[in-house]
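As a basis for the values below, the full set of heavy atoms in this structure was taken, side chains included, without hydrogen atoms, waters or symmetry mates.
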2 protein chains.
Amino acid sequence: MSKAEQLEQIRKQLQEAGYKLTAQREATVAVILECSQAHLSAEQIFIKTKAEVPEIGLATVYRTLEMLTELHVLNKISFVEDGVTHYDLCEENASQHFHHHLLCLQCGAIEEIHEDLLVSVEQTVAERFSFAVLDHRLTLQGICANCQAANSANGLPANQLDPSKQVDISQL
Amino acid sequence: MSKAEQLEQIRKQLQEAGYKLTAQREATVAVILECSQAHLSAEQIFIKTKAEVPEIGLATVYRTLEMLTELHVLNKISFVEDGVTHYDLCEENASQHFHHHLLCLQCGAIEEIHEDLLVSVEQTVAERFSFAVLDHRLTLQGICANCQAANSANGLPANQLDPSKQVDISQL
DNA sequence: CTATCTGCAAACAGTTTGCAAGGTG
DNA sequence: CACCTTGCAAACTGTTTGCAGATAG
């Protein structure tokens, strides 16, 4: 599905839910689609949207994000426990199951995995704990391929954190 | 390992790291050990500690929690994206791998699973994405056994959320 | 005795809310 | 034209910090 189609679909969802189509909302949605891989925070979305629609206020962005979360267009997430909420675009298809994330502890990069790796895990839990699984949140923390290569090049163990290279993840 | 032994061990860790053993810190650690299953927030820990040591201040609790997190005695977590950090006691044994959580979306109960269910998942990711996994965060969201039973008793589908029973998870 | 630690209050950052003005359907 | 939506500023919440006095080692 193309960006334009996605935007059109979200627009329709808003309308069906009885919301009005304002310039601010469209611009916000456009920014979110544009940067869907970036896991932006509200503030970051605000700044990017303000570049398009300068008269927008931060409160409106928050209200729009809240709205989109209710409509299951977005998911709130926080990888780092720094009190900042980031927003993640939901998959457009039927599967309500949330995708997984790989968080590089060295460079802070976040990669998404869209295969569902937890089918058997969820089955195990359902059986062993009588727990009916509806969704999941999985983040694997480690070192991405790039940083492994960089570490090797510097004569360091590839699969161990290089503290000198480590960025402050809470700044992301 | 008993509570007393754990407390003793943490006390030793503090000392070795060059921290002083104050009454406030001991009381805070005691509360955390006491309620290790409850995933308390800083405020909740403060209230329980103040019951023991009334002259303690909230800032001290925050500073102690920060300290214990650095010493890898605690882990910061947030199941619900409400901006409140909760604290989770680390396993005392060698395995640095974080345990998993089952979050009941109906009653808000949180169960811990201490078996590592992700060995094969991590292997898959390592191979397919060249990602060196160091740790993980997994929360399975669904309906606990209790709520399933309650739903059944009320003639509702056991494995589907009963909205009328749903508590505000962000209040936990 | 000295460096660390404490409580308090003020400062902070992210988010939410009340309100009057503006815009959509 | 009625109601929704907006921007602004003020309020709020969880957390952090500066400081003078208290305290552990």
Side-chain angles (χ1 to χ4, degrees), chain A residues 11-29 39-71 74 76-87 168 170-172, chain B residues 11-29 39-71 74-87 168-172:
Chain A
R11 196 178 293 173
K12 204 158 59 178
Q13 269 183 274
L14 287 190
Q15 219 158 10
E16 280 168 14
Y19 293 114
K20 294 184 177 173
L21 298 177
T22 66
Q24 292 92 327
R25 285 178 185 168
E26 291 205 34
T28 307
V29 171
H39 307 93
L40 299 178
S41 67
E43 193 101 28
Q44 292 170 320
I45 293 171
F46 168 61
I47 291 167
K48 281 180 180 288
T49 309
K50 199 176 179 64
E52 306 295 322
V53 184
E55 68 276 16
I56 199 172
L58 179 55
T60 302
V61 171
Y62 272 106
R63 285 188 275 235
T64 304
L65 292 173
E66 199 53 43
M67 198 184 74
L68 292 172
T69 303
E70 267 167 35
L71 292 175
L74 294 180
K76 295 184 183 182
I77 46 171
S78 62
F79 297 107
V80 205
E81 312 305 335
D82 62 348
V84 187
T85 303
H86 292 250
Y87 294 84
D168 183 0
S170 61
Q171 293 303 310
L172 303 177
Chain B
R11 196 178 293 173
K12 205 157 59 180
Q13 269 183 272
L14 287 190
Q15 219 158 13
E16 280 168 15
Y19 293 115
K20 295 185 178 174
L21 298 178
T22 66
Q24 292 91 329
R25 284 178 185 169
E26 291 205 33
T28 306
V29 170
H39 306 94
L40 299 178
S41 66
E43 192 103 27
Q44 293 170 321
I45 293 172
F46 168 61
I47 291 168
K48 281 180 180 289
T49 309
K50 201 176 177 63
E52 306 295 321
V53 183
E55 68 276 15
I56 200 174
L58 180 55
T60 302
V61 171
Y62 272 106
R63 285 188 274 236
T64 303
L65 292 172
E66 199 54 43
M67 198 184 75
L68 292 171
T69 303
E70 266 168 34
L71 292 176
L74 294 180
N75 254 306
K76 295 184 183 182
I77 45 171
S78 62
F79 297 108
V80 206
E81 311 305 334
D82 62 349
V84 187
T85 303
H86 292 249
Y87 294 83
D168 183 359
I169 294 181
S170 60
Q171 292 303 307
L172 302 178

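- Rounded to whole angstrom, the span from the CD atom of B:Gln24 across to the P atom of D:dG21 amounts to 18 Å.
- For the pair B:Leu65 CG and D:dG14 P, the interatomic distance rounds to 15 Å; values are reported in whole Å.
- With a 4.5 Å cut-off on side-chain heavy atoms, A:Lys50 and A:Glu55 do not count as touching.
- Here B:Leu58 lies in heavy-atom contact (under 4.0 Å) with a base.
- Among the heavy atoms of the strands lying under 4.0 Å from A:Thr85 are primed sugar atoms or P, OP1, OP2 only; no base atom is included.
- In this structure, the OH atom of B:Tyr19 is 18 Å from the C1' atom of D:dT23, given to the nearest Å.
- Ranking D:dG7, D:dG25, D:dT17 by closeness to the B:Lys20 side chain, first place goes to D:dG25.
- For the pair B:Ala59 and B:Gln15, both in contact range of DNA chain D, the more 5′-proximal nearest nucleotide belongs to B:Ala59.
- One atom, CD of A:Glu66, and another, C1' of C:dT16, lie 10 Å apart when rounded to the nearest Å.
- A distance-only check finds a donor-acceptor pair linking the side chain of A:Gln44 to the backbone of A:Ser41 [under 3.5 Å].
- Note: CZ (A:Arg63) to P (C:dG14) measures 19 Å, nearest angstrom.
- Contact annotation: the side chain of B:Tyr19 approaches that of B:Leu71 to within less than 4.5 Å [non-hydrogen atoms, C-beta and beyond].
- Where B:Lys50 and A:Tyr87 meet DNA chain C, the nucleotide closest to each residue was compared, and B:Lys50 sits on the side nearer the 5' end.
- The nucleotide whose nearest atom lies closest to any side-chain atom of B:Glu43 is, among D:dG14, C:dC5, C:dT15, D:dG14.
- The A:Leu21 side chain lies nearest to C:dG25 when the options are C:dG25, D:dG7, C:dT15.
- We find that CG of B:Leu14 is positioned 13 Å from C1' of D:dA24, with the value rounded to whole Å.
- Side-chain contact, B:Glu66 with B:Thr69: no donor N or O sits under 3.5 Å from an acceptor N or O.
- Here the nucleotide nearest the side chain of B:Tyr62, chosen from D:dT5, C:dC19, D:dG14, is D:dG14.
- A:His86 places its NE2 atom 10 Å from the P atom of C:dG14, with the value rounded to the nearest Å.
- With A:Thr28 as the fixed residue, the side chain to side chain contact (heavy atoms under 4.5 Å, CB included) test singles out one of A:Ile45, A:Thr60, A:Val53: A:Ile45.
- For A:Gln44 and C:dT15, the CD to P distance is 10 Å, given to the nearest whole Å.
- Within 4.0 Å (heavy atoms only), A:Arg25 reaches sugar-phosphate atoms of the nucleic acid but no base atom.
- At C:dT6, one or more side-chain N or O atoms of B:Thr22 fall inside 4.0 Å of OP1 or OP2 (strictly under the cut-off).
- Taking only side-chain atoms of B:Val84, from C-beta outward, the nucleotide of D:dG14, D:dG7, D:dT6 with the closest atom is D:dG14.
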